[in-house]
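Before any comments, here is the structure.
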Amino acid sequence: RQRRPPYHPPQPVGGVVPELWGQRSLQEWCPIVGGVSSTTHWEAVYRGRAAEDLGWYEQRPSTLDLVLRFSEPTDAVIDVGAGDSRLVDELLHAGYEHITVLDLSETALDRARSRLGSAAGNISWIHADVTGWTPPKRWDLWHDRAVFHFLISEEDQQAYKAAALQ
């Protein structure tokens, strides 16, 4: 059996990761204008577009197989920056019992709760900015598809790491 070479994610060059975004800069891909908070930005994103119209939308989350491979249905799982991702739906369907969903956007959380209907009562919902949040407990699996990726300041990255390692 042949071993795969180690994965090395593309590195930004002048604020651009060409392999992922064409030649668009991070500001063009996710324009957060100076003076506008992240909360304001993400609320506008989720209020302004249907889930299917968001560039990162996936009917079947691409990270689902990893979550299922590295956790059990009895494990406590948190999805940080979940938005209105379908990961929570899939975990419920797989029999997971201890799911927490955290997002900066209350609108995104409301959309996910609405989509899940009565099953939403089986989920712990947290409306918070992970960079200013103190986790009340530890989880067996911490899932983050893209939040850390968007943290461009060293201060926010360190705050995120502190929350994850709490």
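All heavy atoms count here, side chains included; hydrogens, waters and symmetry mates do not.
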Can you sort out the partners of [X] under salt bridge (charged side-chain N to carboxylate O under 4.0 Å, His left out), two or more places apart, ordered by chain and number?
X: D84; answer: R111
X: R69; answer: none
X: E58; answer: R145

For this session: Please round to the nearest 0.5 Å and tell me the distance separating atom NE2 of H127 and atom OG1 of T39.
Result: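 If we round to the nearest 0.5 Å, H127:NE2 and T39:OG1 are 6.0 Å apart.
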
Exercise. In Å and rounded to the nearest 0.5 Å, what is the CZ to CZ distance from R60 to R86?
Worked result: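 Nearest 0.5 Å value for the CZ-CZ distance: 14.0 Å.
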
For this session: Starting from the C-alpha separation in whole Å, work towards a yes-or-no answer on side-chain contact (heavy atoms from CB on, under 4.5 Å) for W142 and D144.
Result: CA-CA 7 Å; W142 178 288; D144 171 3; 4.3 Å; yes

Problem set entry | Residue pairs passing the side chain to side chain donor-acceptor pair (under 3.5 Å) test where at least one lies in residues 73-83, sequence neighbours excluded |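 Passing the test, one end in residues 73-83: D79-H143.
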
Problem set entry | Over 12 foreign heavy atoms within 6.0 Å of CD, Q157 |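 For Q157, atom CD is crowded (more than 12 foreign heavy atoms under 6.0 Å).
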
Exercise. So which pairs with a foot in residues 115-143 pass salt bridge (charged side-chain N to carboxylate O under 4.0 Å, His left out), sequence neighbours left out?
Worked result: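 Passing the test, one end in residues 115-143: D89-R115.
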
Exercise. Could you go step by step and tell me if R47 and E106 meet the salt bridge (Lys or Arg N to Asp or Glu O under 4.0 Å) rule?
Worked result: CA-CA 10 Å; R47 285 186 188 134; E106 187 68 40; over 6 Å; no

Exercise. Can you check whether Y160 reaches V80 side chain to side chain, under 4.5 Å on heavy atoms?
Worked result: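 Answer yes - side chains close enough.
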
Exercise. Got a sec, which hydrophobics cluster with Y96, joining ILVMFWY side chains under 4.5 Å apart, including via others?
Worked result: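 Its cluster partners, ordered by chain and number, are L64, L66, V67, L68, F70, V77, L87, V88, L91, L92, I99, V101, L109, L116, I123, W125, L141.
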
Work out which heavy atom in [X] is nearest to a heavy atom in [Y]; give both atom names and the distance.
X: A163; Y: P135; result: O-CG, 3.2 Å
X: P73; Y: A94; result: CG-O, 3.9 Å
X: V147; Y: G81; result: CG2-CA, 3.3 Å

